Q: 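This is the structure, below, for whatever I ask next.
Source: prediction; values computed, not measured.
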Amino acid sequence: MLKQTRSPTVHRIYQEFIEEYPTVEALAEADREELIEIIQPLGLYNYRADAFIEIGERTADGGLPEDEDLLSDLPQVGPYVLNATLCFGFGEERPIMDTNVERIYSRVFQNSGVDEFDEGDFWELAECMLPEREARQYNLGLLDFGYSICTHSSPSCDECFASEYCGYYQNRDDG
DNA sequence: CTCCTGTATT
DNA sequence: AATACCGGAG
């Protein structure tokens, strides 16, 4: 649900969604129109509805697999959703990389000597940055940080713990 | 107008 | 690399 969708928007519909479809079995038997009616405010609802139902159908027997390859085979499961599911859902020590994490690392490492990487290298960077333990806590902290402090526009650098060594803040124009 | 806890297709 | 999918918030 969080793909290209802000968390407050997801929060608004999540309660109704989970009450209507508490299990993958329920999703497998969902009426497509009713499902769309609930998730419509998220946008991307056609893809999402089809994916929810297909994932339900394919995992109703046994629930969501914890296996990396089986998860990746499911519709609309790319690198981000795969790692987010394994980390947040199943407690594996996995990095995440999305537009928030990309923005945070790009700022912190700006003009630091490690500020030039392509998309593939961002995942490599995320792997390097992952602490030895508590990946889940670290990743959630990263997302909260990107949402509340290191925002896309007008970040709250005056409240940021990292401003002392952040390349973005250190290179800013005014004082 | 751009962007958001992206993915699949071209 | 570019685009479609999509509503909602800034």
Q: Between P on B:dC4 and CD1 on A:I13, what's the gap in Å once rounded to a whole number?
A: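 Those two atoms, CD1 and P, are 20 Å apart.
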Q: Could you state the atom-to-atom distance from CH2 of A:W123 to P of B:dG6 in whole Å?
A: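 After rounding, the reported distance stands at 11 Å.
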Q: Map A:L2 and A:Q76 onto DNA chain B by nearest heavy atom, then report which one ends up closer to the 5' terminus.
A: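 Comparing both residues, the 5'-ward one is A:L2.
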Q: So, does A:R103 get its side chain near the phosphate of B:dC3, meaning an N or O under 4.0 Å from OP1 or OP2?
A: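 Answer no for this pair, as no side-chain N or O of A:R103 is under 4.0 Å from OP1 or OP2.
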Q: What nucleic acid atoms does A:G78 come within less than 4.0 Å of, heavy atoms only: base, sugar-phosphate, or nothing?
A: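 Sugar-phosphate contact only.
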Q: Can you check the A:E102 CD to B:dC3 P distance for me, whole Å?
A: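 For the pair A:E102 CD and B:dC3 P, the rounded distance is 12 Å.
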Q: Between A:T99 and B:dC3, is there a contact of a side-chain N or O with OP1 or OP2 at under 4.0 Å?
A: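 Negative; the distance criterion is not met.
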Q: Side-chain contact test, heavy atoms from C-beta onward, threshold under 4.5 Å: evaluate it for A:P8 versus A:Y147 and give yes or no.
A: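 SC-SC contact between A:P8 and A:Y147 confirmed.
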Q: With respect to the phosphate group of B:dC4, does any side-chain polar atom (N or O) of A:Q4 fall under 4.0 Å of OP1 or OP2?
A: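 So the side chain of A:Q4 is outside the cut-off, no N or O lying under 4.0 Å from OP1 or OP2 of B:dC4.
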Q: Write down the distance between OH (A:Y147) and P (C:dA9), rounded to a whole number of angstrom.
A: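 It is 11 Å, rounded to the nearest whole Å.
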Q: Using only atom types and a distance under 3.5 Å, with no angle test, would you say the side chain of A:R107 pairs donor to acceptor with the backbone of A:C166?
A: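 No, A:R107 side chain to A:C166 backbone: no donor-acceptor pair under 3.5 Å.
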Q: Atom CZ of A:R6 and atom P of B:dG6: how far apart are they, to the nearest Å?
A: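 Distance, rounded to whole Å: 11 Å.
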Q: Could you pull out all donor-acceptor pairs under 3.5 Å where a side-chain atom in residues 129-138 of chain A meets a protein atom, sequence neighbours excluded?
A:
{"residue": "A:R136", "atom": "NH1", "partner": "A:F88", "partner atom": "O", "Å": "2.5"}
{"residue": "A:Y138", "atom": "OH", "partner": "A:Y105", "partner atom": "OH", "Å": "2.7"}

Q: CG of A:L42 versus P of B:dT7: gap in Å, rounded?
A: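 About 16 Å, once rounded to whole Å.
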Q: Answer yes if the side chains of A:T5 and A:R48 hold a donor-acceptor pair under 3.5 Å, and no otherwise.
A: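 Yes, A:R48 and A:T5 have a side-chain donor paired with an acceptor closer than 3.5 Å.
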Q: Taking the same atom, P, in C:dC6 and in B:dT10, what whole-Å distance lies between them?
A: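 It comes out at 16 Å once rounded to the nearest Å.
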Q: Specify the closest pair of heavy atoms between A:C160 and A:I149, including all atoms of both residues, with the distance to one decimal.
A: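 Scanning both residues, the minimum pair turns out to be CB-CG2, 3.8 Å.
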Q: For A:P8 and A:V77, find the nucleotide of DNA chain B closest to each by heavy atoms; which residue's nucleotide sits nearer the 5' end?
A: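 The residue closer to the strand's 5' end, by nearest nucleotide, is A:P8.
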Q: Does anything in residues 44-54 of chain A come within less than 4.0 Å of DNA chain C? Heavy atoms only, and list the residues if so.
A: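 Of all residues in residues 44-54 of chain A, the ones placing a heavy atom under 4.0 Å from DNA chain C are A:L44, A:Y45, A:N46, A:Y47.
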Q: Between A:R94 and A:E127, is there a side-chain N and carboxylate O pair less than 4.0 Å apart?
A: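 A:E127 and A:R94: not salt-bridged.
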Q: Rounded off to whole Å, could you give me the CG-to-P distance for the A:L143 and B:dC4 pair?
A: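 Roughly 12 Å, once rounded to whole Å.
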Q: Can you figure out which of B:dC4, B:dG6, C:dG8 approaches the side chain of A:D98 most closely?
A: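 Nearest to the side chain of A:D98 among the choices is B:dG6.
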Q: Rounding to a whole Å, what distance do you find between A:I39:CD1 and C:dG8:P?
A: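 To the nearest whole Å, that distance equals 13 Å.
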Q: Indicate, with a heavy-atom threshold strictly under 4.0 Å, whether A:V101 touches base, sugar-phosphate, or nothing.
A: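 Result for A:V101 = nothing.
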Q: Locate the shortest heavy-atom distance separating A:A28 from A:E57; write the atom from each residue and the value.
A: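 Closest pair (atom of A:A28, atom of A:E57, distance): CB-N, 3.5 Å.
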